[in-house]
Amino acid sequence: MRWDVIAFRFPKNPTVSYIKRLVGMPGETISIKEGAVWVNGERLTPPARLGPVTYRSLGEINENEVPPPDVVLGPDQFFVLGDNTNASADSRDWGPVPRDHVVGVVDVIYWPPGRWRLNP
C-alpha cells in the first residue's frame, strides 16, 4: 500500500537490497513539486505517523536545473522515496522499481535501537 516501507532489489544492481517508502503505484503519473508528491495531478498528504515531511525535487538542488518531467509508471513499476528526503537516492535519481524486484513490506525497524518501531 502507498506509504508502506518496502524492501526491494536495487534496479541498477539487483544483488543489492534497498529499503524505501512506496509512494507511486503501477499506472500512476508521479511528480514532485512544492515539497510534495503529486499523483495523477492531485497532491498527496502523507500519513500523520510520518510527521512533517517535505520532498525535494531535482530542480530544487540547482536553481539552473530544469525540473524533471512527470514520471509515468508502467503496469509493473513502483516509485519509491527515502525518508531522509534531502539526502536520499531513490526513484528520483534512478527511476522506478520493477514489481519483480519487490521483496516485501517492512513491518519493524529495529536498528538503531533508538529508532525501533512497528509499521514505519
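- No single ILVMFWY cluster, assembled from side-chain heavy atoms under 4.5 Å apart, contains both V80 and V5.
- From L73, atom CG reaches atom CZ of R99 across 11.0 Å, with rounding to the nearest 0.5 Å.
- Side-chain heavy atoms closer than 4.5 Å link hydrophobic residues (I, L, V, M, F, W, Y) into clusters, and following such links, possibly through other members, connects L22 to Y18.
- No chain of hydrophobic side-chain contacts below 4.5 Å, direct or via other Ile, Leu, Val, Met, Phe, Trp or Tyr residues, connects V105 to F79.
- Across P96 and V71, no two heavy atoms sit closer than the pair CG-CG1, 4.4 Å.
- Salt bridge R21/D4: absent, no basic N to carboxylate O contact under 4.0 Å.
- The side-chain contact (heavy atoms from CB on, under 4.5 Å) search around P11 returns F8, W94, V97, P98, not counting sequence neighbours.
- E28 places a side-chain N or O within donor-acceptor distance of the main-chain N or O of M25, the cut-off being under 3.5 Å.
- Here the CZ-NZ distance, from R43 to K33, works out to 9.5 Å after rounding to the nearest 0.5 Å.
- For the residue pair S91 and K20, no side-chain donor N or O sits within less than 3.5 Å of a side-chain acceptor on the partner.
- The two residues P46 and V53 make their nearest non-hydrogen contact at CG-CG1, 3.4 Å.
- R9 contributes a side-chain N or O that, together with a main-chain N or O of D100, makes up a donor-acceptor pair within less than 3.5 Å.
- Both V102 and V16 are assigned to one and the same hydrophobic cluster, defined by single-linkage of ILVMFWY side chains at heavy-atom distances under 4.5 Å.
- Follow the hydrophobic side-chain contacts under 4.5 Å out from I30 and you reach L81 in the same cluster.
- Separating the CD1 atom in I32 from the OG1 atom in T54 is a distance of 12.0 Å, to the nearest 0.5 Å.
- Considering OG of S31 and CD of E42, their distance stands at 11.5 Å, rounded to 0.5 Å.
- Between T29 and V39, the closest side-chain pair of non-hydrogen atoms is not below 4.5 Å.
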